[in-house]
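Below is one structure; the comments refer to it alone.
Only this structure's heavy atoms are used, side chains among them; waters, hydrogens and symmetry mates stay out. Chain letters run A, B, ... following the sequence lines, proteins first and then strands; every chain starts at 1.
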Amino acid sequence: METLLSLNKLNKKYGQIHAVNNLSFDIVKGNIYGILGPNGSGKSTTLGIILNVINKTSGDYTWFNNSISPIEALKKVGAIIERPNFYPDMTATQNLALICKIKGVAKSKINEKLKIVNLFERKDSNFSTFSLGMKQRLAIASALLNDPEILILDEPTNGLDPQGIHEIRQIIKTIATNGTTILLASHLLDEVEKICSHVIVIRNGKKLYSGLVNEMTASKGILELKVDTNQQKLLELLETHTAIDKVSTNNNTYVATLNKDVSAAEINQYLFNKGVILSQLIKRKPSLEQQFLDLTNNN
Amino acid sequence: MLRLLSIEFHKFKYSKASKVLSFIYFVLLSAIALFSIIKFNIGPIKFHLAEMGIFNFPYIWHFNTYIAAILKFFLLLVIVSMISNEYSYKTLKQNLIDGLSKKEFILSKFYMVVAFALISTLFVFFTSLILGILYSDYNEFTIIFSDLEYLLAFFIKLVGFFSLGLFFGILVKRSAFAIGAILVWLLAENIFKGYLYWAFRNNNNTDETVNTIMQFLPLEALSNLIKEPFSKLNAIKTAAHQIGETITKSYDVEITTIAIVLTWTFIFIYSSYILLKKRDL
């Protein structure tokens, strides 16, 4: 497996603020990665560093196993950052032609890429007349011009309406099926869950988790319990049970996080033997959202 | 280099404001020709500027480059706005992400500066040549092509001045503020000059001392490149002579001034690069 990008103990400090803290991870060819983290967690800063627009404080990163210089590497990368940035007086085609000149690729790609993002009909309209969704699609077209080995997308659906979000996600999925490696930064769990195979969770610039999206959600599960009386006793019993990590309350419902494989029946039997009768018992897998909140709150 | 120039030209070609300003600039440059038709016929007094000798070779090189240099502010606006727009549209960031290095970005802007200066110089050269051929009293080949160093000075003056604009554009990021900063700098140089006059007021040769120091400042050096041509005109000299003044002044383009301006150009471009390199976008 070929490593496209490798971060090694990357740090970025803005005065007192440690925006990226000892971040290390590898991006392997063929996978779809999500960088997940709340707003201000250092996602964009990290991408800014590897894209040569933000200076790192320490640590390093290498593109394509250091086979080419970082600047040359960027010509083999497609990236869009936060907002689509183009020259307002130029049309879609003229903007893309400029990027072709910068990246050193043939202009013949322009129409092909505009078709992928459904902007071919508007190719001769000025960029300033585009809606945000169209601007974002143009940005994706521009990132695809050089048939990149890796596509980096920073919050690609940010600020778009549901229709726009859907369009962008469809486009990303189409690109992914063609075998392009994708690195997607997002604060939307749903987005990462739907699109990515791997996830890197960061908060306050620190890596909290990295691995498969499936494995992140594949914990032992949670129990939701409810009783009509004896709340205090239930809480005590749950907290002393060896299979239960922790218990939290939510609107009279107790949520117990499991650390072992136990069935709902076993728990029910245990509580019944101790004299607690449940009015509700549900065992389920936690959503990515739950996992994410757990991760970001506990670390 | 050709790649960078073509990138820059592409940006210029599709920027309306830049095109309009450059167009105005070249129209005004051509307007120098209008001096030729300034004629007053008030009874016995006949005044025809073209016949005063301003279009005589080689004086015309000096006169036209001096006048044309005043118009450089139009192109300064183009340069500063093309740089600060890269910041406000965030296209600078996008250019870098797309694989342009920070060095290439500065170089591409510098090439644009040189290209503007070169085109202006050629433009002034041809307008002056035509005007001269039409109105000059001397049309010998050797006279026509003497004193061409004024064109070189004009070129260096524009490159230096636009490099200053490039630097302030990168430094301040907003075109209006960048222009403001250049004006503040101009003011600061003049205040400093005033201070020097005050500080050396008791010296025997105040003027000389002040100028020796002032010549190292960028805007002063730029204006020293081409000295005012008016007092060189025969008509003016005669007039001055009549009131008992003799003008003994060197109007030459001096090598030291060229060296100072080139040094400043280098400083401006290199600091722009360092500034951009250190900055997080």
Side-chain angles (χ1 to χ4, degrees), chain A residues 12-14 19-20 44-45 47-57 63 68-91 93-105 107 126-128 135 138-139 142-143 145-146 148 152 154, chain B residues 1-23 77-78 81-109 111-112 115 169-170 173 175 273-281:
Chain A
K12 174 68 187 177
K13 287 180 189 165
Y14 290 108
V20 177
S44 298
T45 310
L47 295 184
I49 294 172
I50 59 173
L51 293 172
N52 189 38
V53 287
I54 295 174
N55 297 309
K56 66 192 181 193
T57 308
W63 282 107
I68 44 174
S69 77
I71 302 293
E72 283 306 304
L74 288 184
K75 291 182 184 161
K76 295 169 77 179
V77 173
I80 59 169
I81 271 206
E82 287 159 1
R83 296 258 139 184
N85 307 319
F86 290 98
Y87 296 87
D89 285 350
M90 293 188 203
T91 66
T93 309
Q94 288 159 356
N95 264 302
L96 294 188
L98 178 67
I99 292 165
C100 284
K101 282 186 181 177
I102 293 176
K103 292 207 182 241
V105 293
K107 286 186 189 170
N126 269 12
F127 175 70
S128 51
K135 288 177 178 174
L138 182 64
S142 82
L145 277 175
N146 54 342
I152 295 178
D154 187 6
Chain B
M1 182 177 155
L2 273 179
R3 168 174 162 262
L4 295 181
L5 259 179
S6 103
I7 289 172
E8 216 42 57
F9 182 65
H10 190 103
K11 290 178 186 172
F12 172 77
K13 196 166 61 176
Y14 298 113
S15 163
K16 274 184 210 133
S18 307
K19 273 194 295 191
V20 170
L21 279 169
S22 313
F23 179 74
L77 293 181
V78 175
S81 76
M82 281 192 79
I83 287 161
S84 47
N85 280 350
E86 300 265 11
Y87 272 104
S88 39
Y89 302 153
K90 295 209 169 179
T91 41
L92 164 58
K93 194 170 173 180
Q94 194 62 43
N95 282 177
L96 297 182
I97 290 171
D98 288 334
L100 202 68
S101 70
K102 288 179 173 177
K103 191 174 160 187
E104 283 177 323
F105 180 81
I106 296 290
L107 269 182
S108 71
K109 295 294 176 201
Y111 290 156
M112 175 177 78
I170 297 274
K173 303 183 210 172
S175 42
Y273 170 60
I274 297 294
L275 212 57
L276 190 62
K277 202 175 159 189
K278 292 218 164 141
R279 205 173 258 176
D280 291 328
L281 296 160

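No more than 12 heavy atoms of other residues, nucleotides or ligands shown are found within 6.0 angstrom of NZ on B:Lys277. Heavy atoms of other residues, nucleotides or ligands lying less than 6.0 angstrom from OH of A:Tyr14 number more than 12. When the shell of 6.0 Å around CZ of B:Arg279 is examined, it contains more than 12 heavy atoms from other residues, nucleotides or ligands.
Distance alone, capped at 3.5 Å, places no donor-acceptor pair between the A:Asn52 side chain and the B:Ser101 backbone. Remark: the backbone N or O of A:Ile99 is not paired with any side-chain donor or acceptor of B:His10 at under 3.5 angstrom.
Looking at A:Tyr87, both its backbone and its side chain come within 4.5 Å of chain B, counting heavy atoms on both sides. A:Lys12 touches chain B through its side chain: at least one heavy atom from C-beta onward sits under 4.5 Å away, while N, CA, C and O do not.
The candidate from A:Leu74, A:Leu145, A:Asn146 with the greatest count of non-hydrogen atom pairs under 4.5 Å with chain B is A:Leu74. By number of non-hydrogen pairs under 4.5 angstrom with chain A, the leading residue of B:Leu96, B:Asn95, B:Asp98 is B:Asp98. Chain A forms more heavy-atom pairs under 4.5 Å with one residue of B:Lys278, B:Arg3, B:Lys16 than with any other, namely B:Arg3. Considering only heavy-atom pairs separated by less than 4.5 Å from chain B, the leading option among A:Ile152, A:Val53, A:Ile71 is A:Val53. Among A:Gln94, A:Met90, A:Lys75, the residue making the largest number of heavy-atom pairs under 4.5 Å with chain B is A:Gln94. Taking chain A as the reference chain and counting heavy-atom pairs below 4.5 Å, the highest number among B:Lys13, B:Glu104, B:Glu86 is found for B:Glu86. Between chain B and the residues A:Ile49, A:Ile54, A:Thr91, the most heavy-atom pairs under 4.5 angstrom are made by A:Ile54.
Heavy-atom minimum distance, B:Gln94 versus A:Ala79: NE2-O, 3.5 Å. Nearest approach of B:Leu100 to A:Ile102, heavy atoms of both residues: N-CG2, 3.8 Å.
No side-chain heavy atom of A:Arg83 sits under 4.5 Å from any side-chain heavy atom of B:Lys90. Looking only at side-chain heavy atoms (C-beta outward), B:Ile7 and A:Leu98 come within less than 4.5 Å of each other.
Atoms CD1 and NZ, on A:Ile81 and B:Lys93 in that order, are 5.0 Å from each other to the nearest 0.5 Å. For the atom pair CG (B:Asp280) and NZ (A:Lys56), the distance works out to 12.5 Å, reported to the nearest 0.5 Å. For the atom pair CG (A:Asp89) and OH (B:Tyr89), the distance works out to 5.5 Å, reported to the nearest 0.5 Å.
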